[in-house]
There are 2 protein chains.
Amino acid sequence: MKSKRTSLQDIADIVGMTKMTVSRYLKNPELVAPSSRVQIETAINKLGYIPNRAPNILSKGKSYAIGVLFPSISNHVFDEVLRGIESITEPAGYQIMIAHYAYSEQLEEKRISSLLSFHVDGLILSESVHTQNTLRMIQGAGVPVTEIMDTRTPPIQQAVGFDNEDAARQMTDRLLSKGYQNIAYIGAKGDVRDLARQRGYEQALKKSGQESIVFRSPEFTSIRLGSEILDDILAIRPKIDAAICTNDDVAIGMLVSCKKKGLRIPEDLAITGMHGHEMGQLISPNLASVITPRFKIGQVAAQQLLLRINGASNIEPFIDLGFEINEGESI
Amino acid sequence: MKSKRTSLQDIADIVGMTKMTVSRYLKNPELVAPSSRVQIETAINKLGYIPNRAPNILSKGKSYAIGVLFPSISNHVFDEVLRGIESITEPAGYQIMIAHYAYSEQLEEKRISSLLSFHVDGLILSESVHTQNTLRMIQGAGVPVTEIMDTRTPPIQQAVGFDNEDAARQMTDRLLSKGYQNIAYIGAKGDVRDLARQRGYEQALKKSGQESIVFRSPEFTSIRLGSEILDDILAIRPKIDAAICTNDDVAIGMLVSCKKKGLRIPEDLAITGMHGHEMGQLISPNLASVITPRFKIGQVAAQQLLLRINGASNIEPFIDLGFEINEGESI
DNA sequence: TTGAAAGCGCTAACAA
DNA sequence: TTGTTAGCGCTTTCAA
């Protein structure tokens, strides 16, 4: 049970050759005598050899792994992004190492440090704000980095995403054009994207002459959060007739709460979300939402990163993949 | 920009010492002359040094990383499990490397091979069935493995979870005792746990003399799937009065569809889920579900694994952490 | 308080 | 067709 891991040498010893021949067999079997091949194959099958990447990482300085950081793995936004990333990395023979950091800059720093200590060849980050230390580490490691989701904040090297501010502005304009008079913005423990959305909302309202009404919870977004804050909001501002939620989870929570209270949507309260998740499209009424190109974001981010890992230097600093507005039935 | 990664030697060169002194400073600063410390510190801050784990992995055969495999990162079941795992690994100084395999044995094999090639010190797997190759690799690597969720299938070394068969049996018994007469089981692209649940359901029905009615979709579970299959099920078996769904996602989808169609829950159709997710407790009516100790499962799995990584040999092969039934309002 | 040497597992380059 | 050598970056051990 405690036997140590099989090495090339172990195999070589069994078949009476040097590890070099075994190594050759693994990479270019045709360079090894057919009779030897059989012996080596047999020995490997018996011992269960697993290649060890450490020596290669050490001598080539390349791991064929890329690090992917998500704020939270329970946030459905990132499922699709991950699928997009893998659609590129998998065929290219790159491993991805996923880590998450609960929206904390400090944890992000720790995770990045850890990923870099395993010598990842590149990083995909989901945040646009980082600690000083993080920036220094990335600099020191000399690896390419792509930041996703946000195309507003100046990136470390490159950003792939969409314009959160514009998305919220357009959604707010829709509500205004439909005649809503008291539109609130519902934020949560705010990352920069949430804040960008709030800005977009505020600008649209300002242009129309309406007063902005912002609620911001210190909690992470969740369906539960959305369902709990409805009462608070109505207590403070009973007259609001529309709520722009920072994302679909919060919006769905509010929507569920409204139904429980007997509020009609959108007659009594219009609700909008962000990202266009499955759940929002299944419930009734369908949730109005900004449909974001999450798969594409992952795909393009990975493509760009691989290009740069392989030496490309003509970096486009911002790649904006746009979004669509789905009015659903909730506005 | 393309400058290569900073090494201890780079720092040593700047301060005019050997890398050995720099290495000492990093591990035991008190062994280094105060004047040297300042110089080294300055150089490190300037260059952004990141320790390189590869040499240590190479010479010690230990990475202080453990591999965690989930079938899907969009399955909410595993959020809590992950938090449980991290509650143990984080303070113990172990890194976790997350990977997912879309419920495919082949992909699982690939992921395990990759994780092992990075020399992870142990593995937490979410599946109880594996390819021959997977078993051989794990054998060859000589790393401890803990399989989670299922305590029915004989584990490679150790299983931590709950009894899916018993959970479904107990839930079925509840429905029977409430007088339901046509209880169906709704499965999906079935892993062994899904199949274990079906067995539990069938046994309970058999004991009561009722006929079992099983629907099984070839798709992965999702809210959408649940919402789409309701019509099919009612078309084939219009008389069913209760549906035991393989998990909460499917159950929530069915529930949403029922509401759209104007079916009353539980009067026209009773619905039950599995795992007790947040969403099920927020919607109306509250979803009946088996509440599983997911955080605890992660915690115990990680504890056991670390113990074994550090040499413990008294392995309890099955650790059953139980479950609770929440009747909610949907039965 | 600092340094020198050796070695972890593998493969590129060269040799036989 | 197979073998030998050297070296990737770091730490352990021994020496100064």
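Every chain is numbered from 1 and lettered A, B, ... according to where its sequence line falls, protein lines coming before strand lines.
Residues B:R111 and A:E90 are paired through a salt bridge, judged by an N-O separation under 4.0 Å between the basic side chain and the carboxylate. Under a 4.0 Å N-O distance rule, the pair A:E147/A:R152 does not qualify as a salt bridge. Between A:D191 and A:R193 a salt bridge is recorded (basic side-chain N to carboxylate O distance below 4.0 Å). At a threshold of 4.0 Å, the pair B:E80-B:R83 counts as salt-bridged, since one of the basic side-chain nitrogens sits closer than that to a carboxylate oxygen.
Heavy-atom distances to DNA chain C give each of B:L58 and B:V32 a nearest nucleotide, and the one nearer the 5′ end belongs to B:V32.
Around NZ of A:K62, the count of heavy atoms belonging to other residues, nucleotides or ligands within 6.0 Å exceeds 12.
Look at CZ on B:R37: it is 8 Å from P on C:dT1, rounded to the nearest Å. Rounded to whole Å, atom C1' of D:dT13 lies 14 Å from atom CG of B:L31. Separating the NZ atom of B:K60 from the P atom of D:dG9 is a distance of 17 Å, rounded to the nearest angstrom. The separation between B:I11 atom CD1 and D:dG9 atom C1' is 13 Å, rounded to whole Å. Atom CD in A:Q39 sits roughly 13 Å away from atom C1' in D:dT1 (whole-Å rounding). Atom CD in B:Q9 sits about 13 Å away from atom C1' in C:dA4, given to the nearest Å. One atom, CG of B:L8, and another, P of C:dT2, lie 15 Å apart when rounded to the nearest Å.
For the ring-ring contact (aromatic ring centres under 6.0 Å, His included) test, no residue two or more places apart in sequence or in another chain qualifies with A:Y49. In terms of the ring-ring contact (aromatic ring centres under 6.0 Å, His included) criterion, residue partners of B:Y64 (sequence neighbours excluded) are, by chain and number, B:Y94.
Legend: side-chain hydrogen bond (donor to acceptor under 3.5 Å, both in side chains) pairs involving residues 11-24 of chain B, not counting sequence neighbours, sorted by first then second residue: B:Q9-B:D13.
Checked by atom type, the side-chain pair B:N133/B:R136 shows a donor-acceptor distance below 3.5 Å. Remark: the A:Q158 side chain and the A:T146 side chain contain an N/O donor-acceptor pair separated by less than 3.5 Å. A donor and an acceptor atom, one from each side chain of A:E41 and A:Y25, are located under 3.5 Å apart.
Of the residues in residues 12-28 of chain A, those lying under 4.0 Å from DNA chain D by heavy-atom distance are A:M17, A:T18, A:M20, A:T21, A:R24. Less than 4.0 Å separates DNA chain C from at least one heavy atom of each of the following residues of residues 48-56 of chain B: B:P55.
One end of the helix from C:dT1-D:dA16 to C:dA16-D:dT1 points its axis 40° away from the other end's axis, with each axis taken from 5 pairs and the angle rounded to 10°.
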